[in-house]
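Order of the sequence lines sets the chain letters (A, B, ...), proteins ahead of strands, with each chain counted from 1. The figures here come from the full heavy-atom set of this structure, side chains too, leaving out hydrogens, waters and symmetry mates.
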Protein chains: 2
Amino acid sequence: MDSKDQKRPSELQIFRDFLRRQGMRYTPERETIIKEIFSTHEHFDVDSLYIGIRQKGLRVSKASIYRLIPLLIKANLIEEVFFENGQMHYEHIYGHEHHCHLRCQECRKIEEFSDERIAQIEKELGERFNYKILRHRLEVIGICSECQKKMKSA
Amino acid sequence: MDSKDQKRPSELQIFRDFLRRQGMRYTPERETIIKEIFSTHEHFDVDSLYIGIRQKGLRVSKASIYRLIPLLIKANLIEEVFFENGQMHYEHIYGHEHHCHLRCQECRKIEEFSDERIAQIEKELGERFNYKILRHRLEVIGICSECQKKMKSA
DNA sequence: AAAGAAATTGTTATTCAATGTCAATAAGCC
DNA sequence: GGCTTATTGACATTGAATAACAATTTCTTT
């Protein structure tokens, strides 16, 4: 099976092309970071990424992570999902349907969901305000059933 | 006309009651900050608040602003709206219908809108995931018509 | 394949929002 | 008015994110 036959280029390939277009270079450090990001479907922040990389016995400076993130966002591979506790949190989006987040305020658990009505709202907004819509972020905050129970018994 | 006849207590009154319930005190500094917040319908961050207060010839330390904000959130008078440029941005919500934000990525202009479909989505989410829903935040990002024009001519 | 130009790296220092500390002050209760 | 205790402002501290820079590495060019 030739790799040309694959329907979807890998995130590494996408990023390589992106870098080339920008006259930037593909480095082992960048590869390490991207692989770490795409190795799970978890949300991440800079610290958790850094720790994950080191636990695999690899080594990359935090500065390199901080420097890479804006590039990955520009390349549409990741996006900011929420800011909490003084840190921005991200997730990769390439290869995943866009989704929104339902977060428990108590235990910080996150459920993902998607809803076509939001695309419709976007469309209407673009027409009404004459905007070119790029993206949206919907966070719903609540209390999960376990935490509700805990709170009742306290 | 007796003030008791007013349908909606002032934000100061709401906050006074809130403080009393918590065994906290009502101070001139807190009053100054709240008045500043509620004197416009603009979004604000700590810095813009601080500057606005000083421009009126008043004086309050930034620490007091930082200390007050969590209380105002707890009292349901303000809420976080978005994090940008290293700072959290807020707006007052008391006395205003809840609304969401459409933001221009280029000029940072903000349009407000509301949509009943989101309440419906919230309701369904609560049932589906067994959450008690508290609130939501929907940000839509795009490019306004002026900025679209500017970008075309460049 | 080797060299050279330029981007990238890690280290270190820096910025700046946000929080903590603490003595002095002031609010609210008696 | 006096007393208890929350609050204030000044200052120090934290910690995420960014900047500076010399050493290194990528990638093009020959």
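B:Arg30 comes within contact range of the sugar-phosphate backbone alone, with a heavy-atom separation under 4.0 Å but no base atom that close.
One can place OH of A:Tyr26 at 17 Å from P of D:dT25, the figure rounded to the nearest angstrom. When the C1' atom of C:dT12 is taken as reference, atom NZ of A:Lys62 falls 15 Å away, rounded to whole Å. Computed from coordinates, the B:Met88 CE to C:dC16 C1' distance equals 16 Å when rounded to whole Å. For the pair A:Tyr66 OH and D:dA16 P, the computed distance is 6 Å after rounding to whole Å. In this entry the distance linking CZ of B:Phe82 with P of C:dA17 reads 15 Å, nearest Å. A:Glu84 has its CD atom 14 Å from the P atom of D:dA16, to the nearest Å. Regarding B:Tyr90, its OH atom lies at a distance of 12 Å from the P atom of C:dA17, rounded to whole Å. Atom-to-atom, CG of A:Leu49 to P of D:dA17 comes out at 12 Å; the value is rounded to the nearest Å.
Side-chain proximity of B:Ala63 to C:dA17, D:dG9, C:dT9: nearest is D:dG9. Each of D:dA6, D:dG9, C:dA27 was ranked by its minimum atom distance to the side chain of B:Thr27; first place goes to C:dA27. Looking at the side chain of A:Arg25, the nearest of the listed nucleotides D:dA16, D:dC27, D:dA10 is D:dC27. Checked against C:dA27, D:dG9, D:dA16, the side chain of B:Arg67 finds its nearest nucleotide in D:dG9.
Residues B:Phe83 and B:Ser64 each lie close to DNA chain D; by heavy-atom proximity, the contact nearer the 5' end of the strand is made by B:Ser64. Comparing A:Ser61 and B:Glu29 by the nucleotide of DNA chain C that holds the closest heavy atom to each, the one mapping nearer the 5' end is A:Ser61.
Using bins of under 30°, 30° to 60° and over 60° for the plane-to-plane angle, the ring pair A:His96/A:His92 lands in the parallel bin.
Between the side chains of B:Arg8 and B:Gln13, no donor-acceptor pair is found at a separation under 3.5 Å. Checking B:Glu122 against B:His136 by side-chain atom types alone, a donor-acceptor pair falls below 3.5 Å.
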For A:Glu124 and A:Gln120, what are the C-alpha separation, side-chain angles and deciding distance, and is it a side-chain hydrogen bond (donor to acceptor under 3.5 Å, both in side chains)?
-> CA-CA 6 Å; A:Glu124 293 171 18; A:Gln120 182 59 30; 2.9 Å; yes
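Salt bridge absent: B:Glu29 and B:Arg59 never bring a charged side-chain N and a carboxylate O closer than 4.0 Å.
Counting atom types as modelled, B:Arg20 pairs no side-chain N or O with a base atom of C:dG28 as donor and acceptor under 3.5 Å.
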